[in-house]
Enquirer: 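Below: one structure in structure tokens.
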Amino acid sequence: MTGGPAAAERAETYLRLLAEAELREALTPPAEAAEPEAARHEQAGTLVHAGRLPRAASALAALGVIDPDTAAEITEGLAAALAVRGRLGLDTLVHPIRRQVNPPRPVPALPHGVRAVPVGRTLTVTGADGSQADLYVACLVRTEGAVMIAVEVRAPTERTQAQELTLPLSTMRITDDLGTSYQDELSFLSQDGRADGWLFIHNPPRIGVRWLEMDSGPGTARLRMDPAVGAEPAPARWQPAGATGPGERLLDSIAGDLLAGLPDRRGHGEHLGELVAALEAAGAVPPGNPASGRLATLCERAGLGAGGDLVARLAAGDIARADLPRRWISVLDWFAHPHREAGLRGFAPAGLALLELDGFWFVIVGLTAEPDRMGLRVLVIGRPDEYPWTDGRSWAGWFPWWVKDPGGQWHVAALDGRRQGYSGHMTVDLRLVPPLVQPVTRLDVHIPGRTHQMSASVPLEWGAPDG
Amino acid sequence: MADAGAAWWRALPAAQTRVQCADAQHIIRWESGRLVLPAHPDTEAELVLATLGGAKARCVELAQMWARYRDDLDVLALDPRWPSDPVAVSWYDVDTFAAEHRGTRVRSVPMRPAGAGSGLGPLSRPPMPYHSRLTIRPSAIDETIERIATRQVELLSLCALGPAFQLRLAGTVAAAWAGRDLAGYRPALAAALTGRLAPAVAGWLRVDPGQVTAAPHEGPGWGSLDVTGTGAGRQVRARLPVGWLAGVWACGLAVAAGHLVLTVRQVRWPHAQVLALPAPDAAPVTLDLRAVPPGTPEPDTPGGEAHWVRSESSEEAGSR
């Protein structure tokens with residue numbers, strides 16, 4: 001547990017007293033006539049699933065201040081107490097069963113010797129029916145247990161929407177220079193019908209293999225990759241994270257997410273004041289900490305309508321205003337002035353982009369540019385314990401990233417989607433806000449961590465040169 | 001604390017209820033801190049027979065559950081926070097939940113007709129096969145489901161005994177924790193104390209119950225009570241021994257005669273001598289109290305608890 005047993009006990013006490021308060025308030029009869037049963041159940045259901053208690057419990061569990069099972073037990077205890085008082089159906093008592101028979105998957109040990117090879121070439125592949133598709137190969141990642149090849153299926157010619165883009169896996173072959181075929185070891189993992197995904201070789205080539213060659217049958221085009229000459233971890237610069245604890249990092253992470261919402265003018269922080277109060281009461285952030293002040297000041301300045309209760313505390317003098325970090329101001333200023341539309345389209349593979357931090361490998365696959373969205377595609381090897389009730393906050397310790405372009409403009413790269421892979425591999429999409437307006441060949445990427453922040457210079461290759 | 005030990009229950013009258021035990025309605029009684037099963041005078045013999053494949057009576061199962069949960073803090077998390085707190089679980093609820101979430105429906109059959117006397121004696125009919133609720137199934141997942149569901153059915157069953165038994169079981173659990181090493185359990189006990197002290201203090205001092213918190217007091221003496229702020233911002237912070245939940249709260253003594261009761265010094269139902277605070281900033285005083293029974297409790301309607309008034313001969317005496 002982050003913060004040790006004393007911090008865990010304080011957080012547990014806070015949550016249990018909050019549960020008591022929620023139960024008491026739920027049982028306090030309203031001044032008007034008795035509510036119908038359905039309304040009482042709905043109110044109690046909201047308390048248990050979306051109220052102050054689950055919000056605080058998920059934040060504290062995600063921070064590691066309290067054991068996630070303990071946090072879940074407290075929420076389930078409130079549900080049980082409401083159920084035996086007729087405020088919820090007794091079937092709500094099955095929640096602990098669901099949780100205990102579906103424990104989080106164990107975190108696999110971090111593999112050693114991870115290598116990443118930028119490829120950035122396109123191979124035309126042919127299916128058994130003669131249909132063709134272009135397979136863009138972004139990079140190859142080799143771990144102890146697998147070889148993963150980041151690919152994107154592209155149409156060689158313009159297609160109608162009804163024409164499906166599929167990978168002709170049945171005809172695809174990968175062989176090595178020693179004559180070994182990996183055709184039976186191949187699988188393609190994509191999600192939601194996306195054209196991009198990972199081609200896996202589950203039984204990886206032996207050490208000493210000089211090259212792997214991909215084709216879709218005799219006489220078809222071939223693409224050769226060298227799995228041995230992988231990128232070493234990118235040259236990284238390390239900086240101590242300073243005195244900030246996990247609670248303050250969570251608040252800064254939320255601030256980054258708020259900045260990433262600027263293009264849509266959306267603020268998704270209606271309970272930020274409550275969250276800050278919970279973190280303070282549970283001892284996860286010290287009173288008067290600058291992160292609370294920064295977040296409140298950002299909410300006030302960004303005008304997103306987020307964190308109204310936090311801004312009110314700012315106005316009341318309960319929280320002190322704080323200077324905003326330069327990178328936040330850079331993003332705010334960008335949106336304060338009109339900009340021409342980003343004209344970039346396509347995919348820029350990243351080279352030499354293998355980064356290790358806090359027991360994770362981050363492989364920056366590349367940068368995608370679409371009409372309404374620009375982002376980094378990143379493979380994460382290793383992952384934090386993730387419980388469904390922590391609301392995705394398990395990742396708050398390592399995201400969002402901050403990216404500085406050669407022109408000095410800062411961009412926030414916030415989590416925009418996660419796609420689960422095999423055995424602890426996950427592809428994450430980071431939305432880059434504001435977008436780049438012109439191609440750049442290099443980005444400075446800054447990644448937050450538990451004890452250190454890491455920064456590295458990542459080269460980009462626009463134009464996706466074909467091989 | 002005089003009330004935190006084995007005799008915490010002396011300020012509570014007996015209570016009883018009826019449960020359906022196979023095809024009969026049996027009385028279950030609580031008196032002097034323990035459950036009594038008049039219809040099953042030789043429960044040990046019944047248990048021996050049950051281990052040999054005989055059926056186990058629901059009354060006997062309930063007595064076993066009572067014993068198993070006598071120090072289980074989940075009881076305090078479920079059971080009432082104040083006398084009219086509406087914990088209402090019916091036997092229909094229990095059976096329905098058991099049927100839906102466990103491998104087999106709860107079966108309960110008396111080993112012999114009620115009043116058949118003690119000892120093994122001749123059975124009136126062959127024992128019915130007992131369908132164990134812990135039916136062994138191969139997968140660990142099934143075992144986990146069975147274990148959790150069984151626990152929930154048992155907690156619901158104890159709730160179904162009714163409010164008088166809920167209060168008495170809560171007192172039993174709290175008494176079991178009095179004097180124990182609380183390491184690792186302070187948050188749950190703080191919640192148990194806060195959940196029960198807050199409504200009492202809210203009525204006593206006219207403060208928002210949300211502004212009242214309590215933590216376990218683990219040293220000598222009765223603990224402490226601090227009131228800060230004014231108006232809507234008035235806050236009450238208390239430290240009380242866990243035994244307060246048993247000897248004081250569960251006995252309906254939390255607030256009596258306008259005082260917050262801290263400990264029970266002497267008690268013999270319906271009389272009690274207590275140490276109590278007339279006001280937050282006042283010194284504790286000794287009060288003599290008398291219980292006013294709610295009327296003769298009827299079986300199945302054991303909800304009415306006594307309330308306490310000052311004895312006519314009582315005089316406040318300063319005390320530490």
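Here is how names work: the chains are called A, B, and so on, in the same order as the sequence lines, proteins then strands, and each is numbered from 1.
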Enquirer: List the atom of A:Arg16, the atom of B:Ala191, and the distance in Å for their closest heavy-atom pair.
Expert: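 Where A:Arg16 meets B:Ala191 most closely, the heavy atoms are CB-CB, 3.7 Å.
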Enquirer: Give, for atom OG1 of B:Thr194 and atom CG of A:Leu17, the distance between the pair rounded to the nearest 0.5 Å.
Expert: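 Going from the OG1 atom of B:Thr194 to the CG atom of A:Leu17 covers 4.5 Å.
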Enquirer: So do the side chains of B:Arg186 and A:Glu9 get within less than 4.5 Å of each other, counting heavy atoms only?
Expert: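 Side-chain contact under 4.5 Å: yes.
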Enquirer: Where do A:Leu27 and B:Trp82 come nearest, in terms of heavy atoms and distance?
Expert: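 Minimum heavy-atom contact is CD1-CH2, 3.8 Å.
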Enquirer: For residues B:Leu78 and A:Ala81, report the shortest heavy-atom separation together with the two atoms involved.
Expert: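 What the structure gives for the nearest pair is CD2-N, 3.8 Å.
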Enquirer: Specify which of A:Glu20, A:Arg85, A:Glu12 makes the most heavy-atom pairs with chain B at under 4.5 Å.
Expert: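 Of A:Glu20, A:Arg85, A:Glu12, A:Arg85 has the most heavy-atom pairs under 4.5 Å with chain B.
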Enquirer: Once rounded to the nearest 0.5 Å, what's the spacing between atom CG of B:Asp74 and atom CD of A:Glu76?
Expert: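 Taking CG in B:Asp74 and CD in A:Glu76, the distance rounds to 10.5 Å.
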Enquirer: With only heavy atoms counted, which part of B:Ala188 is less than 4.5 Å from chain A, the side chain, the backbone, both or neither?
Expert: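 Both parts, backbone and side chain.
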Enquirer: Does any heavy atom of chain B fall under 4.5 Å from the side chain of A:Ala80, the backbone, both, or neither of them?
Expert: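 Both parts, backbone and side chain.
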Enquirer: In terms of heavy-atom proximity below 4.5 Å to chain A, should B:Ala190 be classed as side chain, backbone, both, or neither?
Expert: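 Answer is both: backbone and side chain atoms of B:Ala190 are under 4.5 Å from chain A.
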Enquirer: What part of A:Leu78 gets closer than 4.5 Å to chain B, counting heavy atoms only: side chain, backbone, both or neither?
Expert: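 Neither part.
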Enquirer: Heavy-atom distance under 4.5 Å between the side chains of A:Leu93 and B:Leu155, does that happen here?
Expert: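 Not touching, per the 4.5 Å side-chain cut-off.
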Enquirer: Which one of B:Asp79, B:Leu189, B:Asp85 has the most heavy-atom pairs closer than 4.5 Å to chain A?
Expert: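 With the most close heavy-atom pairs to chain A, the winner is B:Asp85.
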Enquirer: Show the nearest heavy-atom pair for residues A:Arg24 and B:Ala198, with the distance to one decimal.
Expert: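 Minimum heavy-atom contact is NH1-CB, 3.6 Å.
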